[in-house]
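The structure appears below as structure tokens.
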Amino acid sequence: MTDPQILLAERVQQALGTAFGQEYATEDPLIRPSQFADYQANVALSLAKRLRRAPREVAQALADAIDRTDVTVEVSGPGFLNMTLSDAWIAAQSARQAGNERLGVPQGTPKTVVIDYSAPNAAKEMHVGHLRTTIVGDSLARVHEHVGDKVIRQNHLGDWGTPFGMLIEHLLDVGEAEALGRLAAGDGNAFYQEARHKFDNDRTFEERSRSRVPQLQGGDPATLRLWDEFIEYTKRYFNHVYDVLGVTLTDDDIAGESMYNAMLADVCDELERTGVAVISEGALCVFPPGFTGRDDQPLPLIIRKSDGGYGYATTDLAAIRYRVSDLKTDRILYVVGVTQSLHFQMVFAAARMAGWLHDGVSAEHVQIGSVLGSDGKMFKTRSGASVKLTELLDEAVSRAEAVISERYDDPALRKEIARKVGIGGVKYADLSVSHDSEYVFDFDRMLALTGNTGPYLQYATARARSIFRRAEIDPADVSGPILLGEPQERALALHLLGFGAAVEAVAETSEPHRLCNYLFDLAQAFTSFYETCPVLKAEDESVRLSRLSLSALTLKVLLQGLNLLGIEVPERM
RNA sequence: GCGCCCUUAGCUCAGCCGGAUAGAGCAUCGGACUUCUAAUCCGACGGUCGGGGGUUCGAAUCCCUCAGGGCGCGCCA
């Protein structure tokens with residue numbers, strides 16, 4: 001790890017020990033980026049009261065005790081310690097980072113992390129919100145893998161339950177061949193709506209559908225065959241979307257609701273036997289303490305309906321039990337819409353009551369905010385119908401093509417660039433705002449070539465690449481001492497050192513937007529460097545080599561960072 | 001009624017384990033191409049951090065309260 005904050009924290013802690021006694025050596029030195037120096041330590045202020053000394057005095061004593069090798073320290077204001085790193089230290093760390101194939105990203109103690117994401121429902125509307133959970137979850141999976149965790153992707157497909165009776169009946173009505181063709185083409189939503197319409201308006205269809213459900217759950221072979229086909233063709237469509245998006249999910253990651261069917265009865269038995277669940281109004285319910293509904297009544301988590309059927313709470317509980325006991329996970333991330341917040345709170349609480357979730361395992365709901373249309377409401381087309389995802393992505397690509405420079409008239413090249421820019425722009429838009437906030441879907445903003453966008457980062461990367469293309473040098477071959485003559489060089493090198501910390505923070509907090517912000521700042525620092533510091537035309541050979549190294553390092557970090565976000569980068573733009 | 005989330009510059013958003021004059025981007029205005037991609041860069045303008053109270057040496061950040069908005073809340077998943 002090359003992060004300067006670590007060095008500074010160690011230095012200050014050491015000084016705390018020598019200045020005030022060893023009991024203070026573990027105090028958080030409160031290192032923060034500073035506008036007056038590279039970093040500042042704020043610990044003197046927070047410690048002053050406990051030491052019963054004036055803050056500035058504490059700061060001075062601390063400053064005097066700090067090992068000043070490669071660091072200048074000065075007391076400032078009411079008791080801040082402004083710390084500036086020597087150019088030599090930064091340059092040395094840069095060289096170290098350049099020589100490190102992990103670019104300064106540490107590998108922690110490996111954990112097993114289950115990441116539950118995407119989870120499209122084969123029987124319900126699928127909209128851009130599903131894209132977002134898929135994209136964010138996929139980035140988290142990539143990041144955890146990169147820091148050394150064992151990642152188990154779990155695509156909790158909505159492939160079971162009441163609506164499937166309806167869908168199977170509709171499939172029979174339409175005819176298998178035609179129905180399956182439509183499903184593979186991504187017409188599942190319309191297919192569902194047709195079925196739903198008949199279900200609501202046609203009594204005999206409704207009855208047929210209802211009687212189909214027990215056959216499905218009971219394992220009737222003819223019904224299962226139809227269900228299998230339905231799911232198979234729906235999966236083809238999902239896989240097509242994943243392919244277009246460049247998402248790492250495969251069929252091996254599918255762990256849909258149907259998978260837990262066989263465990264549900266046992267889940268209920270165990271909960272009932274242990275007294276965690278009780279019968280209420282004919283349904284088997286868990287009443288986790290602290291949850292109340294309307295009229296202050298305890299809020300139930302229904303795990304077996306009064307008609308004997310199971311709902312998604314049962315499935316989710318079965319999944320937790322399975323993930324902890326069979327998958328041996330240390331951490332479960334549920335990358336699911338914010339609207340499910342209450343549901344997950346209750347499921348987690350119930351799982352803790354049952355002892356399935358114990359202190360060694362953390363279950364976290366990574367709440368994904370809703371994607372809104374320009375009207376500020378849930379994203380829909382102008383006509384009010386839900387948007388077909390593939391059409392949305394196609395539009396992103398064709399819009400990207402329209403803004404791509406006319407400098408590329410080779411149609412194949414243009415198309416390839418447009419594809420990466422269009423898809424990358426959509427993905428970056430999902431990743432760059434904090435996952436729990438809503439955001440307004442806006443093609444113009446996410447495909448803009450300036451600002452905190454995917455295309456801007458891709459462009460910065462393409463410019464870095466062009467240096468090496470022009471020089472006919474492989475960035476991987478560049479090495480050499482780094483010299484920090486210009487302020488832009490220093491700022492770039494210093495920012496590069498923070499890469500590892502940024503990646504680590506994403507793994508810890510499940511917030512990919514931190515990495516986006518880091519990369520955006522990096523791209524800006526690089527562009528600024530690029531504008532003011534000629535690389536190939538540098539007057540001095542050692543400066544040229546240094547700048548080449550710096551460019552190579554930047555390029556590698558940008559590529560690695562974008563890869564962790566799941567964003568492809570065209571060779572040129 | 002209860003619970004969760006949100007309210008920061010004209011717009012879109014960061015910052016929220018308390019720390020100095022609250023930051024970006026877009027938009028607007030003004031500069032910079034005989035120079036490695038100007039799809040860029042540099043600068044300016046712009047904010048009582050929803051209101052009020054509290055804790056603190058210090059609050060956008062923590063606590064309380066009020067207002068406004070979103071989502072959810074017993075047999076869909």
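Since the structure is predicted, the reported quantities are computational estimates derived from the model, not experimental observations. Throughout, a chain's letter reflects where its sequence line sits, starting with A, and its residues are numbered from 1.
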What interatomic distance, in whole Å, is found between [atom1] of [M] and the corresponding atom of [N]?
N     : M     : atom1 : result
B/G51 : B/A59 : C1'   : 16 Å
B/G31 : B/G19 : P     : 40 Å
B/A9  : B/U48 : C1'   : 13 Å
B/C63 : B/G18 : C1'   : 13 Å
B/C11 : B/C49 : P     : 16 Å
B/U7  : B/C16 : C1'   : 14 Å
B/A24 : B/G46 : C1'   : 13 Å
B/G25 : B/C66 : P     : 39 Å

Looking at the base of [N], is there any donor atom on it, or on the side chain of [X], that sits under 3.5 Å from an acceptor on the other one?
X        : N     : value
A/Thr450 : B/A39 : no
A/Thr453 : B/G25 : no
A/Asn82  : B/A20 : yes

Pick base, sugar-phosphate or nothing for [X], based on heavy-atom distances below 4.0 Å to the nucleic acid.
X        : answer
A/Ser551 : nothing
A/Leu299 : sugar-phosphate
A/Arg304 : nothing
A/Gly311 : sugar-phosphate
A/Phe36  : base
A/Glu257 : sugar-phosphate
A/Tyr310 : sugar-phosphate
A/Tyr456 : sugar-phosphate

Can you find a side chain N or O atom of A/Thr292 that sits less than 4.0 Å from OP1 or OP2 on B/C2?
no

Please name the residue in the list A/Phe199, A/Phe191, A/Tyr192, A/Phe230 that meets the side-chain contact (heavy atoms from CB on, under 4.5 Å) test with A/His170.
A/Phe191

Counting distance only, does the side-chain N/O of A/Arg463 pair as donor-acceptor with the main-chain N or O of A/Met573 below 3.5 Å?
no

Strictly distance-based, threshold 3.5 Å: is any side-chain N or O of A/Tyr518 a donor or acceptor partner for the main-chain N or O of A/Phe499?
yes

Give none if B/A67 has no partner; otherwise give the nucleotide forming a Watson-Crick or G-U wobble pair with it, both distances under 3.5 Å.
B/U7

Looking at A/Glu207 and A/Arg210, is any side-chain nitrogen of the basic one under 4.0 Å from a carboxylate oxygen of the acidic one?
no

May I ask you to say whether A/Glu489 pairs ionically with A/Arg547, meaning some side-chain N is under 4.0 Å from a carboxylate O?
yes

What nucleotide, of B/G74, B/U37, B/A14, holds the atom closest to the side chain of A/Phe287?
B/G74

Rounded to whole Å, please give me the gap between CZ in A/Arg514 and C1' in B/C17.
10 Å

Provide, to the nearest angstrom, the distance between the NE2 atom belonging to A/His435 and the C1' atom belonging to B/C5.
12 Å

